[in-house]
Amino acid sequence: MAELRTQVGIVGAGPAGLLLAHLLHLNGIDSVIVENRSREYVIDRVRAGVLEQGTVDLLHAMGVGAELQRRGLRHEGVYISFNGRRHRIDMTELSGGKAITVYGQNEVVRDLIDARIGTGRPLYFNAQGVEVAALESSQPVVRFSHDGCAHQVHCDFVAGCDGFHGVCRPSIPDGVLSIYERTYPFGWLGILAEAAPSSDELVYTYHDRGFALFSMRSTSVTRLYLQVPPDEPIENWSDERIWDELLRRMTTSDGWKPNVGPILQKSVTPMRSFVAAPMRNGRLFLAGDAAHIVPPTGAKGLNLAAADVVVLARAVKAFYETGSTNWLESYSSICLRRVWKAQRFSWWMTTLLHRLPDENEFDHQRQLADLDYLTTSRAAMTSLAEQYVGLPWEVPLESVVLSRGA
Ligand code: FAD
Ligand code: PHB
């Protein structure tokens with residue numbers, strides 16, 4: 001058995017775990033990251049694409065923003081489309097100069113893995129049988145095997161950054177967590193297509209046949225989503241059927257439509273809202289999807305993961321600098337305030353833009369009125385803009401990282 005010792009044991013090398021590890025490193029705090037998948041799998045997984053202004057600022061301040069600066073696509077507006085017309089919301093003008101940046105989650109993860117490896121601190125991929133124990137003691141442990149050898153990491157704290165299906169949340173004893181959950185009667189079929197984006201900005205479409213979303217990954221790759229029934233088998237969707245449905249829902253009366261090209265990847269994702277509270281048990285702190293899930297319509301999941309770990313890094317830093325546990329005690333309540341606002345925004349965007357199987361004509365007309373109001377009232381557009389580009393951080397960035405530039 002290999003016995004290791006660190007300050008913070010981090011389970012999961014997704015955005016939450018990798019960002020936390022690097023923030024701790026910048027503050028001279030040691031960590032061990034344990035990930036059960038391979039490096040290639042983690043980097044290739046196609047997921048989020050939209051970074052809030054604060055997440056972009058964070059990556060730059062951490063000194064991991066060079067590729068983001070080079071290849072990220074800054075968007076100052078977003079389109080909402082319904083009744084065959086696209087309506088632009090000028091987010092930058094309405095939010096006092098902020099914007100979102102389209103940069104794939106897999107690129108963020110790749111940049112952070114490179115940064116981690118550059119620090120020389122440990123990151124185990126392909127870890128097997130990962131478990132966490134002694135969470136309510138002052139020395140919790142993370143156990144796993146790697147290359148056939150059993151490892152035990154003795155930590156001051158464990159960060160559960162292992163996503164919705166991880167082991168950390170289920171390790172918390174029954175009765176500690178309150179679970180708040182809603183599932184939706186639809187999912188998203190997402191594709192990546194080798195086609196130049198036909199719009200410089202995202203288009204969220206409400207259509208009688210269901211929701212559709214136009215996004216992108218680069219100047220040559222388009223990312224598109226369709227509302228489908230929740231457990232829809234992907235085999236039901238030939239490439240031809242996908243394009244046919246996308247074009248029917250998205251083509252506007254002025255002739256705008258996505259460019260068609262070879263489909264590089266396709267998959268179906270279920271939609272869920274989920275919160276586990278508190279985000280802590282003893283010396284285990286949950287962050288990111290391990291603690292909460294939002295439906296992707298608000299583009300908030302990765303950004304919330306980043307917001308959690310900024311607070312967690314601040315709390316751990318305060319502990320090592322002064323011995324104070326005040327920040328650690330407040331971690332969950334500080335994070336949950338933001339989490340619930342993101343939950344509300346994501347739920348609102350989802351119910352605004354999707355067709356619900358059990359809706360009646362009243363619901364349909366109300367949705368159209370909501371869309372009409374949103375796209376004609378400056379107050380409503382301002383509200384969307386400030387939430388979409390991201391509400392202000394809970395703690396000043398300078399308290400966890402000195403600005404390092406791009
Ligand atoms: P994860 O990315 O899930 O990372 C957890 C890591 O832990 C993984 O690497 C996993 O392999 C590892 N792990 C799991 N179990 C174990 C174990 N037992 N031991 C060790 N390691 C383990 N968010 C946005 O902000 N903007 C968007 O535009 C957006 N679009 C999305 C579109 C889709 C289709 C989907 C599915 C999600 C989208 N999201 C978006 C959400 C975003 O992808 C997630 O919120 C984000 O990945 C959360 O990061 P995380 O690090 O908390 O969890
Ligand atoms: C994406 O580009 O993958 C994306 C964009 C906006 C969303 C969700 C996903 O709301």
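As the structure lists them, so they are numbered: ligands from 1, and atoms in each ligand from 1. Note: hydrogens, waters and symmetry copies are ignored here, and every other heavy atom, side chains too, is used.
- Here the protein heavy atom with the shortest distance to atom 40 (C) of ligand 1 is A48 CB, 3.0 Å.
- Heavy atoms of R45 come nearer than 4.0 angstrom to ligand 1 in at least one pair.
- Aromatic ring orientation, F144 versus H151: parallel (interplanar angle below 30°, classes split at 30° and 60°).
- At a heavy-atom distance under 4.0 Å, no atom of I293 approaches ligand 1.
- Contact annotation: the side chain of L374 approaches that of I89 to within less than 4.5 Å [non-hydrogen atoms, C-beta and beyond].
- Considering both main-chain and side-chain atoms, L302 comes within under 3.5 Å of ligand 1 through a nitrogen or oxygen pair.
- Using a distance-only test at 3.5 Å, with no hydrogens or angles considered, no donor-acceptor pair links the side chain of N36 to the main chain of A127.
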Subject >> Residues H292, Y180; criterion ring-ring contact (aromatic ring centres under 6.0 Å, His included); working and verdict >> reply: CA-CA 9 Å; H292 41 73; Y180 306 86; over 10 Å; no
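- Which parts of ligand 1 touch R37 is read off a 4.0 Å heavy-atom cut-off, strictly below it: atoms 11 (O).
- Here the protein heavy atom with the shortest distance to atom 14 (C) of ligand 1 is D162 O, 3.1 Å.
- Using a 4.0 Å cutoff on heavy atoms, V102 does not count as a contact of ligand 2.
- With contacts defined as side-chain heavy-atom distances shorter than 4.5 Å, the pair L246/Y225 does not qualify.
- Residue contact check: S215 has heavy atoms under 4.0 Å from atoms 1 (C), 2 (O), 5 (C) of ligand 2.
- Near T269, the atoms of ligand 1 lying under 4.0 angstrom from a non-hydrogen atom of the residue are 34 (C), 36 (C).
- Not a single heavy atom of M349 sits under 4.0 Å from any atom of ligand 2.
- Remark: distances from the non-hydrogen atoms of G190 to ligand 1 are all 4.0 Å or more.
- Here the protein heavy atom with the shortest distance to atom 5 (C) of ligand 2 is V50 CG2, 3.5 Å.
- Close contacts between ligand 1 and V34 involve ligand atoms 20 (C), 21 (N) [criterion: under 4.0 Å to a heavy atom].
- A donor-acceptor contact closer than 3.5 angstrom links the side chains of D57 and Q53.
- Atom numbering of ligand 1 starts at 1 in the shown order; those under 4.0 Å from a heavy atom of G301 are 23 (N), 24 (C), 25 (O), 41 (C), 45 (O).
- Considering R45, R70, R71 as possible partners of E107, the one that fulfils the salt bridge (charged side-chain N to carboxylate O under 4.0 Å, His left out) test is R71.
- Considering only non-hydrogen protein atoms, atom 49 (O) of ligand 1 sits nearest to P15 CD, 3.5 Å.
- Using a 4.0 Å cut-off between charged side-chain N and carboxylate O, R39 and D114 make a salt bridge.
- Look at W188 and you'll find a heavy atom under 4.0 Å from some atom of ligand 2.
- The protein non-hydrogen atom at the shortest distance from atom 51 (O) of ligand 1 is A16 N, 2.9 Å.
- Looking at M271 against ligand 1, nothing comes within 4.0 Å, counting heavy atoms.
- Between N36 and ligand 1, a contact under 3.5 Å exists for at least one N or O pair.
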Original post:
How far apart are the C-alpha atoms of D308 and R338, what are their side-chain angles, what is the distance that settles it, and do they pass the salt bridge (charged side-chain N to carboxylate O under 4.0 Å, His left out) test?
Top reply: CA-CA 9 Å; D308 286 350; R338 186 184 192 87; over 6 Å; no
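- Close N/O approach between G17 and ligand 1 is not found [any backbone or side-chain N/O within under 3.5 Å].
- Looking at A127 against ligand 1, nothing comes within 4.0 Å, counting heavy atoms.
- Near P296, meaning under 4.0 Å from any of its heavy atoms, are these atoms of ligand 2: 7 (C), 8 (C), 10 (O).
- Between L24 and F157, the closest side-chain pair of non-hydrogen atoms is not below 4.5 Å.
- Aromatic ring centroids of F214 and Y204 lie 6.0 Å or more apart.
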Subject >> Stepwise side-chain hydrogen bond (donor to acceptor under 3.5 Å, both in side chains) test for H146 and Q128 >> reply: CA-CA 6 Å; H146 191 257; Q128 282 155 356; over 6 Å; no
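- When the options E35, R223, R47, Q105 are ranked by their closest heavy atom to atom 42 (C) of ligand 1, first place goes to Q105.
- Listed by atom number, the atoms of ligand 2 under 4.0 Å from R47 heavy atoms are 3 (O).
- Taking the six-membered ring for Trp and thresholds of 30 and 60 degrees, F274 and F164 have ring planes more than 60 degrees apart, a perpendicular arrangement.
- Here CE of M91 is found 4.5 Å from CD1 of I100. Values are rounded to the nearest 0.5 Å.
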**OP:** Using the salt bridge (charged side-chain N to carboxylate O under 4.0 Å, His left out) rule, take D156 and R5 through it: C-alpha gap first, then chi angles, then the decisive distance, then the call.
**Re:** CA-CA 9 Å; D156 296 334; R5 152 96 204 122; 3.1 Å; yes
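- Side chains of E136 and P173 form a contact here, defined as non-hydrogen atoms less than 4.5 Å apart.
- Counting atoms of ligand 2 from 1 in the listed order, those under 4.0 Å from a heavy atom of L202 are 5 (C), 6 (C).
- Among D289, L51, L304, I10, the residue whose heavy atom lies nearest to atom 48 (C) of ligand 1 is D289.
- For the pair Y388 and ligand 2, the shortest N or O to N or O distance does not fall below 3.5 Å.
- Residue-to-ligand polar distances keep G288 apart from ligand 1: every N/O pair is separated by 3.5 Å or more.
- Scanning all protein heavy atoms for the shortest distance to atom 4 (O) of ligand 1 gives G14 CA, 3.5 Å.
- For the pairing with F211, the ring-ring contact (aromatic ring centres under 6.0 Å, His included) check across Y206, Y184, W188 returns one residue only, W188.
- Within ligand 1, the atoms closer than 4.0 Å to a non-hydrogen atom of Y225 are 32 (C), 34 (C), numbered from 1 in the order shown.
- Taking every heavy atom of V130 and a limit of under 4.0 angstrom, the matching atoms of ligand 1 come to 19 (N), 20 (C).
- A salt bridge links E76 with R74: at least one charged nitrogen is closer than 4.0 Å to a carboxylate oxygen.
- Set against the non-hydrogen atoms of V11, the atoms of ligand 1 under 4.0 Å away are 19 (N), 20 (C).
- Near C161, with a cut-off below 4.0 Å to any heavy atom, the atoms of ligand 1 are 5 (C), 6 (C), 7 (O).
- With a 4.0 Å heavy-atom cut-off, ligand 2 is reached by no atom of Y103.
- Side-chain contact between K300 and M349 is absent, with no heavy atoms from C-beta onward closer than 4.5 Å.
- Evaluation of the side chain to side chain donor-acceptor pair (under 3.5 Å) test over residues 275-285, restricted to residues two or more places apart or in two chains, returns R280-E329.
- The shortest contact between atom 6 (C) of ligand 2 and any protein heavy atom is with Y204 OH, 3.3 Å.
- For atom 4 (C) of ligand 2, the closest non-hydrogen atom of the protein is Y225 CE1, 3.8 Å.
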